[in-house]
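Data block below; observations after.
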Amino acid sequence: MKFFIDTANLSEIKEAHELGVLDGVTTNPSLMAKEGISGKDNVFKHYKAICDIVDGDVSAEVIATDLAGMIREGEELVTIDDKIVVKIPMIKDGIKAIKYFSDRGIRTNCTLVFSAGQALLAAKAGATYVSPFIGRLDDISQDGLELIEQIRLIYDNYAYETQILAASVRHTMHLIKCAEIGANVMTGPLSVMLALLNHPLTDSGLAKFLADHKKVNG
Ligand code: E4P
């Protein structure tokens with residue numbers, strides 16, 4: 001399972017990268033705004049800074065919502081670095097843009113996916129990744145993990161190569177369940193990756209080992 005970090009914060013990206021288990025980064029316009037990044041030049045420089053840290057794919061989202069605009073932006077975004085994957089919203093022109101890019105060998109991440117039908121469309125258009133937002137579904141009392149299961153089944157039925165990128169991951173159980181179901185990728189905050197480390201028996205076990213060692217070694 002690939003681990004992507006869902007942030008535009010360079011320190012968090014560095015920390016996750018230094019852990020040695022980071023496979024990529026996802027960003028979105030809200031995450032870029034949270035870092036105070038504005039203006040095309042700064043946005044492009046920031047994406048480049050992210051690409052320079054990570055070994056893996058970096059999703060950069062288009063702002064345009066019309067086909068011509070998404071194509072123009074996507075074609076510019078991929079000039080930043082080979083790691084850039086064009087992130088495109090699940091709308092009618094978005095599907096056309098995904099097909100356009102897929103036909104030209106440009107990788108895409110279809111974002112804001114909330115149903116199996118949307119995921120099927122994204123795969124048919126040739127998306128590299130599909131991003132179902134499981135946390136946001138849970139927020140409205142729909143089971144986000146159930147959607148991941150549905151998409152896994154559909155993609156396996158037809159051997160679609162589109163990778164399921166479980167997004168809006170909020171806690172470790174989301175991540176573990178996604179791994180059980182067979183999501184190809186999860187994207188979440190650094191805190192979720194770090195929380196995987198925790199177990200009280202690890203802490204007490206280590207404390208006992210060190211105490212016993214000290215007894216005979218001083
Ligand atoms: C996915 O690529 C999105 O950036 C993200 O996972 C959204 O997560 P949120 O629901 O926590 O904002």
Side-chain angles (χ1 to χ4, degrees), residues 1-65 69-70 72-91 94 97-98 101 106-114 122 127-136 139 144 163-172 174-175 178 183-196:
M1 185 189 211
K2 289 188 215 164
F3 280 13
F4 287 2
I5 189 167
D6 195 32
T7 185
N9 183 284
L10 297 181
S11 324
E12 288 184 8
I13 294 169
K14 271 185 204 137
E15 190 177 339
H17 173 69
E18 281 162 11
L19 199 58
V21 298
L22 188 67
D23 302 295
V25 177
T26 51
T27 62
N28 63 41
S30 304
L31 293 171
M32 293 293 275
K34 194 172 162 197
E35 299 307 313
I37 315 296
S38 64
K40 188 175 158 186
D41 282 358
N42 289 333
V43 166
F44 275 43
K45 272 186 207 153
H46 200 77
Y47 283 138
K48 183 61 187 160
I50 294 174
C51 291
D52 287 345
I53 299 171
V54 294
D55 300 321
D57 291 347
V58 175
S59 287
E61 189 159 342
V62 297
I63 302 299
T65 53
M70 283 188 265
R72 191 178 54 249
E73 275 185 50
E75 285 180 338
E76 284 183 351
L77 285 167
V78 294
T79 64
I80 297 172
D81 196 287
D82 287 349
K83 295 170 188 168
I84 293 287
V85 173
V86 185
K87 201 172 179 188
I88 297 176
M90 167 42 74
I91 53 176
I98 288 168
F101 287 125
I106 293 175
R107 291 168 311 138
T108 55
N109 173 356
C110 184
T111 190
L112 290 166
V113 166
F114 294 95
T128 313
Y129 297 103
V130 65
S131 288
F133 280 32
I134 60 177
R136 292 193 192 185
D139 289 345
Q163 296 183 51
I164 303 174
L165 195 172
S168 189
V169 163
R170 302 267 166 81
H171 46 73
T172 52
H174 268 160
L175 193 161
C178 281
N184 305 88
V185 190
M186 82 85 206
T187 191
L190 177 63
S191 57
V192 172
M193 286 180 216
L194 295 178
L196 291 177

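On a predicted model such as this, the values are computed, not experimentally measured, just so you know.
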Ignoring hydrogens, what is the shortest heavy-atom contact between [X] and [Y]? Give both atom names and the distance.
X: P29; Y: I63; value: CG-CD1, 3.6 Å
X: N109; Y: S59; value: ND2-OG, 3.1 Å
X: I134; Y: G144; value: CG2-O, 3.3 Å
X: A183; Y: M1; value: O-CG, 4.0 Å
X: E76; Y: F44; value: O-CE2, 3.7 Å

For [Y], is there any backbone N or O sitting under 3.5 Å from a side-chain donor or acceptor partner on [X]?
X: H46; Y: A8; result: yes
X: T172; Y: V192; result: no
X: E73; Y: A64; result: yes
X: K83; Y: V58; result: no
X: D81; Y: I84; result: no
X: Q163; Y: V185; result: no

Original post:
Going through the checks in order, is the side-chain hydrogen bond (donor to acceptor under 3.5 Å, both in side chains) test met by E61 and N28?
Top reply: CA-CA 6 Å; E61 189 159 342; N28 63 41; 5.4 Å; no

Side chain to side chain, [X] and [Y], heavy atoms closer than 4.5 Å:
X: I50; Y: L10; answer: yes
X: M90; Y: V130; answer: no
X: H174; Y: S168; answer: no
X: Y47; Y: T27; answer: yes
X: P132; Y: I164; answer: yes
X: V113; Y: S131; answer: no
X: L175; Y: L196; answer: yes
X: F101; Y: V78; answer: no

Original post:
Under 4.0 Å between a Lys/Arg side-chain N and an Asp/Glu carboxylate O for K45 and D41?
Top reply: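 No, this pair does not count.
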
So, taking the atom named [atom1] in [X] and the one named [atom2] in [Y], what distance separates them when rounded to the nearest 0.5 Å?
X: K40; Y: L77; atom1: NZ; atom2: CG; value: 8.5 Å
X: L190; Y: I5; atom1: CG; atom2: CD1; value: 4.5 Å
X: M32; Y: S38; atom1: CE; atom2: OG; value: 9.5 Å
X: M70; Y: I98; atom1: CE; atom2: CD1; value: 8.5 Å
X: R107; Y: Y129; atom1: CZ; atom2: OH; value: 6.5 Å

Subject >> Test log, rule side chain to side chain contact (heavy atoms under 4.5 Å, CB included), inputs K34 and N9 >> reply: CA-CA 9 Å; K34 194 172 162 197; N9 183 284; over 6 Å; no

**OP:** Given side chain to side chain contact (heavy atoms under 4.5 Å, CB included), test D139 with R170 step by step and report yes or no.
**Re:** CA-CA 11 Å; D139 289 345; R170 302 267 166 81; 3.0 Å; yes

Original post:
Is it the case that more than 12 heavy atoms not belonging to K48 sit under 6.0 Å from its NZ atom?
Top reply: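 Counting neighbours around NZ of K48, more than 12 heavy atoms of other residues, nucleotides or ligands fall under 6.0 Å, so yes.
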
**OP:** Identify whether NZ of Lys or CZ of Arg in K2 sits under 6.0 Å from the centre of the six-membered ring of F4 and within 45° of that ring's axis.
**Re:**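 Pair K2/F4 does not count as cation-pi.
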
**OP:** Would you sort out whether L165 and N184 count as a side chain to side chain contact (heavy atoms under 4.5 Å, CB included), showing the intermediate values?
**Re:** CA-CA 6 Å; L165 195 172; N184 305 88; over 6 Å; no

Do any side-chain atoms of residues 16-26 form donor-acceptor pairs under 3.5 angstrom with protein atoms, and if so which ones, sequence neighbours left out?
{"unit_1": "D23", "atom_1": "OD2", "unit_2": "F3", "atom_2": "N", "d": "2.7"}
{"unit_1": "T26", "atom_1": "OG1", "unit_2": "D6", "atom_2": "OD1", "d": "2.7"}
{"unit_1": "T26", "atom_1": "OG1", "unit_2": "T187", "atom_2": "OG1", "d": "2.6"}

